[in-house]
Number of protein chains: 2
Amino acid sequence: MLQVHQQTRTVPANIGWREADVARRATLAKDPLAALESLGTTMAVRRGQEIYAEGDPAECCYKVVEGSVRTVKLVADGGRQIGDILLPGDFFGFDSFGEHYFSAQAISASVVKRYPRRAVVTRAQGDATLARHLNELTAKALQAARRQMVRLCRTSASERMASFLLEMADRSEGADGYIHLPMSRSDIADYLGLVIETVSRVFSQFKQDRLITMKDVNHIRLVDRDMLVELQGDI
Amino acid sequence: MLQVHQQTRTVPANIGWREADVARRATLAKDPLAALESLGTTMAVRRGQEIYAEGDPAECCYKVVEGSVRTVKLVADGGRQIGDILLPGDFFGFDSFGEHYFSAQAISASVVKRYPRRAVVTRAQGDATLARHLNELTAKALQAARRQMVRLCRTSASERMASFLLEMADRSEGADGYIHLPMSRSDIADYLGLVIETVSRVFSQFKQDRLITMKDVNHIRLVDRDMLVELQGDI
DNA sequence: CGTCAGATTGACCAGAATCAAAGTCAGTGG
DNA sequence: CCACTGACTTTGATTCTGGTCAATCTGACG
């Protein structure tokens, strides 16, 4: 995942930036990636539809315009690892040269913008500022991937879940204070390196401990954010 | 970690390329990063010495010339995650903008070359080809980090160890067929997300199963490479 | 109402961590 | 030359987190 550049919040860095943030910033400073926009074409994808597959030649990169996207790696035993959960404004598919290591699928019906890599590279050749911004984007994605690595490797199930909820809250908390989770328990599990039963159990525990409440399975409100922050540890 | 570009071997991609490989290639195609060399200054570091700390402003990037380097992230409970193990020819510290997320320390007495970021960026501004190569390097490091994430999250202790041994064999197998591991069991454990006892037990198991032999704790020969490859799975 | 996919809960199990005790080896000094 | 030290490694016993297997529960939809 490539993120729009800038680092101001004290928040896990694999969190992307919302379209809204980008738009807001654009009024202050010009969007450093605006130079790309004219290269892109917009396309709609259905829920579950694959945008690109593992091993596909990495001919294009993308941005989520509406909806949500996951990147997925299938592993030997039939398991799945979700690399990123992408929301509007997030870039993805920039990371690969040669071929895509993850596939990308729409979690819900979505709109994505596609940029042909060749055209992006060509434009970057002639626009040093764009090139620098692209590289910073990739570097930030790398830092985010490293952070996620530590998270998956060094934290307990409940720490991961706390971290996940805080991340999602920061990215998509609605005006009513509820987070909308566009993905299933299975997606959450595969993103956090857990199984669905564990995800479900931790949700139940959090409810019991009055850390969260749930309107329905996909709408969650963080009641005790401080406790969740403490729980997640300082990764 | 940034790797010298090119992708030919069927080997885990977070493996760097040896100086020897780079030199060999340079006789065929010009080293795409040769443009950087004049910007670098060489420095010696003692065993255990810190090259930069977590949170330090990322003012320089580096390449290992001799010896070995680890990147380290300290986690809440006093634990440690090693992000990369770097051998001669490997670049590191390129990934961070702003500040370093990991620290870097010499595993053994080493020589590293340091490149001021400002100068690198300036040169890249005026050299589109260099800029492209730098970005590809970062993208490859990102892909490697993602692969490592999957490895740490989805595989058993012995799969990780098999993968680690094959990786190290590919990077530093000597003429006598022995791999020299410059790091302690503790480093291996923290690189693979295990504890030292588990690392030790898996080594013992591998010896018992005639997959490896050991001259001493730091010199290992892969006896049954095919079996190790099978063990590591297809991450 | 029945069906079906997804979510929850419970009982049990396995793999790796933790706790504890030796074993190895290089270096030091009598 | 040998005993002593201290760091590192290996091995064993036990614990515990999270996975596996299995049984409901829930809610959307025809």
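Every chain is numbered from 1 and lettered A, B, ... according to where its sequence line falls, protein lines coming before strand lines.
- Cation-pi geometry between A:R117 and A:F97 is met: under 6.0 angstrom from the ring centre, within 45 degrees of the axis.
- Using a 4.0 Å cut-off between charged nitrogen and carboxylate oxygen, A:K63 and A:D90 do not count as a salt-bridge pair.
- Look at CG on B:N218: it is 12 Å from P on D:dC8, rounded to the nearest Å.
- Look at CE on A:M214: it is 9 Å from P on C:dA7, rounded to the nearest Å.
- A salt bridge links B:R146 with A:D84; the closest basic N to acidic carboxylate O contact falls under 4.0 Å.
- By the 4.0 Å N-to-carboxylate-O rule, A:D187 lies close enough to A:R80 to be salt-bridged with it.
- Geometrically, B:R147 engages A:Y101 in a cation-pi contact, judged by NZ or CZ lying under 6.0 Å from the ring centre and within 45° of the ring axis.
- Regarding B:D216, its CG atom lies at a distance of 16 Å from the P atom of D:dC8, rounded to whole Å.
- For the pair A:R221 and A:Y178, the cation-pi criterion (under 6.0 Å, within 45° of the ring axis) is fulfilled.
- Between the CD1 atom of B:I196 and the C1' atom of C:dA22 there is a distance of 14 Å, given to the nearest Å.
- A salt bridge does not link A:K113 with A:E66: none of the charged nitrogens is closer than 4.0 Å to a carboxylate oxygen.
- The distance between atom CD1 of B:I188 and atom P of D:dC8, rounded to the nearest whole Å, is 14 Å.
- Remark: C1' of D:dC8 and NE2 of B:H219 are 17 Å apart, rounded to the nearest angstrom.
- A donor-acceptor pair shorter than 3.5 Å can be found between the side chains of A:R151 and A:S163.
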Return a single string for nucleotides 18-30 of chain D, one symbol per nucleotide in 5' to 3' order, where B is base contact, S is sugar-phosphate-only contact and - is none, cutoff 4.0 angstrom on heavy atoms. SSBB---------
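- Interface residues of residues 205-213 of chain A facing DNA chain D, ordered by number: none; criterion, heavy-atom separation under 4.0 Å.
- The closest donor-acceptor contact from the side chain of B:S103 to the backbone of B:V72 lies under 3.5 Å.
- For B:M161 and C:dG15, the CE to P distance is 17 Å, given to the nearest whole Å.
- Residue contacts for A:S200: at a heavy-atom cut-off of 4.0 Å it reaches a base atom on one of the strands shown.
- Across the protein-nucleic acid pair, B:D77 atom CG and C:dT18 atom C1' stand 13 Å apart, rounded to whole Å.
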